[in-house]
S.K.: 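Before I ask anything, here is the structure I am working with.
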Number of protein chains: 2
Amino acid sequence: MNDSALPRQASETRDRILDAAEALFVEHGLEATSMRMITGRANANLAAVNYHFGSKDALIQEVFRRRLTELNRQRLAALDRLEAEAQGAPLKPSRIVEAFFGTALALAADTEHGGHTFMRLLGRTYTEPNAFVRQFLAEEYAEVLERFLGALYRALADVPREEILWRFHFMMGAMSYAIAGTDALQLFAGTFDDADPQRLMPRLMSFLLGGLRAPLPVFSAARDAAEGAAAA
Amino acid sequence: MNDSALPRQASETRDRILDAAEALFVEHGLEATSMRMITGRANANLAAVNYHFGSKDALIQEVFRRRLTELNRQRLAALDRLEAEAQGAPLKPSRIVEAFFGTALALAADTEHGGHTFMRLLGRTYTEPNAFVRQFLAEEYAEVLERFLGALYRALADVPREEILWRFHFMMGAMSYAIAGTDALQLFAGTFDDADPQRLMPRLMSFLLGGLRAPLPVFSAARDAAEGAAAA
DNA sequence: GTATGATTCAAACAAACGTTTGAATCGACT
DNA sequence: AGTCGATTCAAACGTTTGTTTGAATCATAC
């Protein structure tokens, strides 16, 4: 028996199902994608999903897990590299942001191996109402968020942590829409030159860093009268 | 017959259904919300939805239409006011951004009449895969986007229009997440002080304007070697 | 009071859903 | 050849889905 070797023929059906599900989830959403659509596209039998994954929910989870685990591993590795280079010195906020969002954008730029497809799916899923998907995302992100937010707190020691938290949240939103919404939002003008993910990276990074570095907000009690109040 | 007067008793069932649907769509999503959940919450008969709206799709459309029409009317009114005040002079970009996003945030701050609920729904819907919802959103937004983008083009005449378009897109993403994701993204730290929509406005506005004003990106051919290349 | 149009209601409809079943098929090892 | 575990398959399972139906109920107008 070869229980130590790789599985017989790597059950390519399993992978076909994952790929088909990923693509269909982007196209129609999680709930609107049926098992029959998935197995049909994967050229597999209807029962194959339940055989290989147990349930539709478990399949959804695995679709996210296989990509997200690798993405977050890369993110942590990038942060590790930064901190090693800095040798204890505080990191540049822009480098931290690049490590987090740049890694994601690199995956989104990969149209060959489905990375682009997945990132479109992921971007939409942060606001997914499905309870167990959110729960799963939270667990999968816990360590990465703790590490990156901690790094930002140290890099911007004079900025209130609450503000950093919010701005990180805003940045996640901008990135998610940039990826998930490029074709969705053809609201925007007829010709939306989205077909250039190579240029998306510097575009988004400029925007994110501009937002991160923006002057802190002033919470004026009566903001109606606040005309030209500037705050540095 | 009183065909000129208001409908007998304003068919309050219709409104109860709309309110129930709106709340449930936020909670569970469009597809995962069934007619029976809606009519159950609205204390109406199952057939009432088809009687008053024709179909579930038509109900979805009406849930968005009743709020979105008013929101975009306010946005256009705010822009009209700005342009009237300026008397032909170019507008300040920050004012344009405030007119567009501030109006939406004001609606999101209204927790009394369901505005907050709706904005959470709307924010998620820009990336909604459902084809006909997107089609409907595109139509509903066409005029507003044309007006506001046009105003930004004139206010930032020296900035390439493509960059403005992208940054507007990024801003939409940041805002949508700020609203739609506050409770969804309790990924972020245990205690996320989201319960203060009064402070969300200045926070988000600072971020958006920082991003809008950020230095334009440089598209370096070989970005691997670009270590400390600074661009102003 | 009675006719009329609008609304509500319980019940049923066919279709699609995720899942389960038990037999058929396959590949590898003895 | 024969056994065994893994995988595939067609068929059916019981629910739930959005929608339709025809009678009951209501408020109003004559």
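First the proteins, then the strands, lettered A, B, ... as listed; each starts at 1. This structure is a prediction, so every number in the text was calculated from the model and none was measured.
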S.K.: Does any N or O in the side chain of R120(A) come within less than 3.5 Å of the main-chain N or O of I179(A), such that one atom is a donor and the other an acceptor?
M.R.: no
S.K.: Can a side chain N or O of N50(B) be found less than 4.0 Å away from OP1 or OP2 on dG18(D)?
M.R.: no
S.K.: Specify the separation, in whole Å, of atom NZ of K56(A) and atom P of dT19(C).
M.R.: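 Roughly 8 Å, once rounded to whole Å.
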S.K.: Sort out for me which residue in L46(B), T13(B), N45(B) forms a side-chain contact (heavy atoms from CB on, under 4.5 Å) with T39(B).
M.R.: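 When side-chain contact (heavy atoms from CB on, under 4.5 Å) is applied between T39(B) and each of L46(B), T13(B), N45(B), only L46(B) qualifies.
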S.K.: Could you tell me the separation between the CD1 atom of I17(A) and the C1' atom of dT7(D), rounded to a whole number of Å?
M.R.: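 From I17(A) CD1 to dT7(D) C1': 11 Å.
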S.K.: Compare the minimum distances between each of dT8(D), dC9(D), dC9(C) and the side chain of A47(A), then state the nucleotide with the smallest one.
M.R.: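 Output: dC9(D).
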S.K.: Measure the distance from CG on D57(A) to P on dC17(C) and round it to the nearest whole Å.
M.R.: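 D57(A) atom CG is separated from dC17(C) atom P by 16 Å.
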S.K.: When you get a sec, tell me which of dA11(C), dA6(D), dT19(C) is the closest nucleotide to the side chain of L46(B)?
M.R.: dA11(C)
S.K.: Can you name the residues that form a side chain to side chain donor-acceptor pair (under 3.5 Å) with E70(B), not counting sequence neighbours?
M.R.: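 Scan of E70(B) (side chain to side chain donor-acceptor pair (under 3.5 Å), adjacent residues dropped) gives R73(B), Q74(B).
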S.K.: Just N and O in the side chain of H52(B): are any of them under 4.0 Å from OP1 or OP2 of dT8(C)?
M.R.: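 For H52(B), the contact criterion (side-chain N or O under 4.0 Å from OP1 or OP2 of dT8(C)) is met.
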S.K.: How close or far is atom C1' of dT7(D) from atom CG of D15(A), stated in whole angstroms?
M.R.: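 After rounding, the gap between these two atoms is 15 Å.
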S.K.: Could you check whether any side-chain N or O of H116(B) sits under 3.5 Å from a backbone N or O of D110(B), counting only pairs where one atom can act as donor and the other as acceptor?
M.R.: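 No.
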S.K.: Check the phosphate of dT8(C) against T13(B), side-chain N and O only, distance under 4.0 Å to OP1 or OP2. Yes or no?
M.R.: yes
S.K.: Would you indicate which nucleotide in dT19(C), dT8(D), dT7(C) comes nearest to any side-chain atom of N45(A)?
M.R.: dT8(D)
S.K.: Please give, in whole Å, the distance from dT7(C) P to R16(B) CZ?
M.R.: 13 Å
S.K.: Keeping the roles fixed (side chain from R203(B), backbone from P217(A)), state whether a donor-acceptor pair exists under 3.5 Å.
M.R.: no
S.K.: I need the residues from residues 21-43 of chain B with at least one non-hydrogen atom less than 4.0 Å from DNA chain C; give them sorted by number, or say none.
M.R.: R36(B)
S.K.: Passes ring-ring contact (aromatic ring centres under 6.0 Å, His included), F168(A) versus F101(A)? Steps please.
M.R.: CA-CA 10 Å; F168(A) 197 80; F101(A) 293 98; 5.6 Å; yes
S.K.: Could you check whether E162(B) pairs with R199(A) (Lys NZ or Arg NE/NH1/NH2 to Asp/Glu carboxylate O, under 4.0 Å)?
M.R.: no
S.K.: Using atom OH of Y51(A) as one end and atom P of dT21(C) as the other, report the distance to the nearest whole Å.
M.R.: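 Answer to the nearest Å: 15 Å.
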